[in-house]
> 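Below is one structure. I have some questions about it.
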Amino acid sequence: MSTPAPKVESIIIPAAGLGTRFMPAAKAIPKEMLPIADTPTIQLIVEEAVAAGIRQVILVTGRNKESIVDHFDYAYELETTLRSRGKTAEADRLKAIADQVEVIAIRQKEPRGLGHAVLAAHPVVGNRPAAVLLGDDLIFRTSPAQRPAIKQLMDASAAVGGRGVIALMGVPREQIHMYGAAEGSFGEGGDPRLMRITALVEKPPKGTEKTDQAVIGRYVLPATIWDALKHTRPGAGGEIQLTDALAALARGEGLYGYQFEGRRIDAGDKVGFLEASLFYALSRPDLQVATRSMMERLLQEVPR
Ligand code: G1P
């Protein structure tokens, strides 16, 4: 009998970017702290991992990102003040954020690409598997029973002996040049959502695309990724690409794609960010009624 693959116990969140698309909002605060309704985007990402049973969060950060670490720490003064004012629920919520996870921050000293950022977490993870969640890709559950997206990938990975599994989504062909693009056919092991990837290309130039399956920012990386990343040379945009290291795994031991269930929103640009905010508010029991009527009113009120 073969030994089961080691479990994923850490997630890596690359968070070193400058937030260029969110200026001036991201001038003095990290873009990861910008709120979707009342919750920083990075907290939504962390909550997905927590719901998948993971406690260790490795943040790969740059300068001016200390407030993210503070956000996941206890804030005794603030909590005590809230409690003394009778705001118990608010104080409990703050404490809960810190109770859920252990955050370890590590610096990416130079912006040399996603693969380089992930490799910065290697000394913390060691030679073990890990998950990567990209903060711009928010994936909301569309039913209460649905597993968090990263858990869907973890389960798929366990089903294929601990191989790497990355999130896939069909996109219009004219958009595939903005993504990692995966080739292969679904139906692996009888699962219509699972693909054995035969080729993986980071941001294929327009006209060369051979697939409509885009890589979305959720990855279960096997321990073999570390060696692959160390041998990955700069690729698209002159950066060390995680996609290129994964392509090496696809050529070797094998790599899988999983068409996850859930609603993915690219919160990495202004309109996508607004969409995520509205989608989230419309699905929050305490906000949905008021948000819906506000939206209807606004659309009537403001001329096109
Ligand atoms: C990154 C990855 C890309 C993936 C995308 C998903 O690109 O390199 O393969 O498709 O995230 O959001 P970025 O959007 O950071 O340029």
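Index from 1, following the sequence. All ligand and atom numbering here is 1-based and tracks the order in the structure.
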> If we check side-chain contact (heavy atoms from CB on, under 4.5 Å) with Arg218, which of these qualifies: Asp137, Val165, Ile166, Ile11?
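In the set Asp137, Val165, Ile166, Ile11, the residue that makes a side-chain contact (heavy atoms from CB on, under 4.5 Å) with Arg218 is Asp137.
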> Please assess Gln259 against Gln213 for the test side chain to side chain donor-acceptor pair (under 3.5 Å), listing each intermediate value before the final yes or no.
CA-CA 9 Å; Gln259 208 166 49; Gln213 290 302 313; 3.3 Å; yes
> Could you check Gln43 against Glu47 for side chain to side chain donor-acceptor pair (under 3.5 Å), going step by step and ending with a plain yes or no?
CA-CA 6 Å; Gln43 187 181 327; Glu47 283 172 355; 2.8 Å; yes
> Provide, to 0.1 Å, the distance between atom 9 (O) of ligand 1 and the closest protein heavy atom, together with that atom's residue and name.
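Closest protein heavy atom to atom 9 (O) of ligand 1: Glu202 OE1, 2.6 Å.
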> Among all the protein's heavy atoms, is there at least one whose distance to atom 14 (O) of ligand 1 comes out below 4.0 Å?
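So atom 14 (O) of ligand 1 lacks protein heavy-atom neighbours under 4.0 Å.
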> For Asp269, give me all partners under salt bridge (charged side-chain N to carboxylate O under 4.0 Å, His left out), at least two apart in sequence or on another chain.
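Per chain and number, Asp269 pairs via salt bridge (charged side-chain N to carboxylate O under 4.0 Å, His left out) with no residue.
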> At under 4.0 Å between heavy atoms, is it the side chain or the backbone of Leu134 that contacts ligand 1, or both, or neither?
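Within the 4.0 Å criterion, Leu134 contacts ligand 1 through side-chain atoms alone.
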> Would you kindly specify which portion of Met178 sits under 4.0 Å from ligand 1, judged on non-hydrogen atoms: side chain, backbone, both or neither?
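The answer is neither; Met178 stays 4.0 Å or more away.
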> Determine yes or no for a side-chain-to-main-chain donor-acceptor pair under 3.5 angstrom, with Lys65 supplying the side chain and Gly17 the backbone.
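Yes, because the side chain of Lys65 sits within donor-acceptor range (under 3.5 Å) of the backbone of Gly17.
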> Testing the basics here: between Ala182 and Leu168, what is the closest heavy-atom pair and its distance to 0.1 Å?
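Heavy atoms only, the tightest pair is CB-CD2, 3.7 Å.
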> Which atoms of ligand 1 have any heavy atom of Thr243 under 4.0 Å away?
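Within the 4.0 Å cut-off of Thr243, ligand 1 contributes 9 (O).
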> Can you sort out which atoms of ligand 1 are near Tyr179, meaning under 4.0 Å from one of its heavy atoms?
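Answer, ordered by atom number: 10 (O).
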> Would you mind checking which non-hydrogen protein atom is closest to atom 16 (O) of ligand 1, with the distance to 0.1 Å?
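That would be Lys203 NZ, 2.7 Å.
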> Tell me whether the rings of Trp226 and His122 are parallel (<30°), tilted (30 to 60°) or perpendicular (>60°).
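Rings of Trp226 and His122: parallel, as their planes differ by under 30°.
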> Could you identify the single nearest non-hydrogen protein atom to atom 12 (O) of ligand 1 and state the distance to 0.1 Å?
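In this structure, atom 12 (O) of ligand 1 has Asp137 OD2, 2.8 Å as its nearest protein heavy atom.
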> Give me the nearest non-hydrogen protein atom to atom 5 (C) of ligand 1 as residue plus atom name, then the distance to 0.1 Å.
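The closest one turns out to be Val215 O, 3.9 Å.
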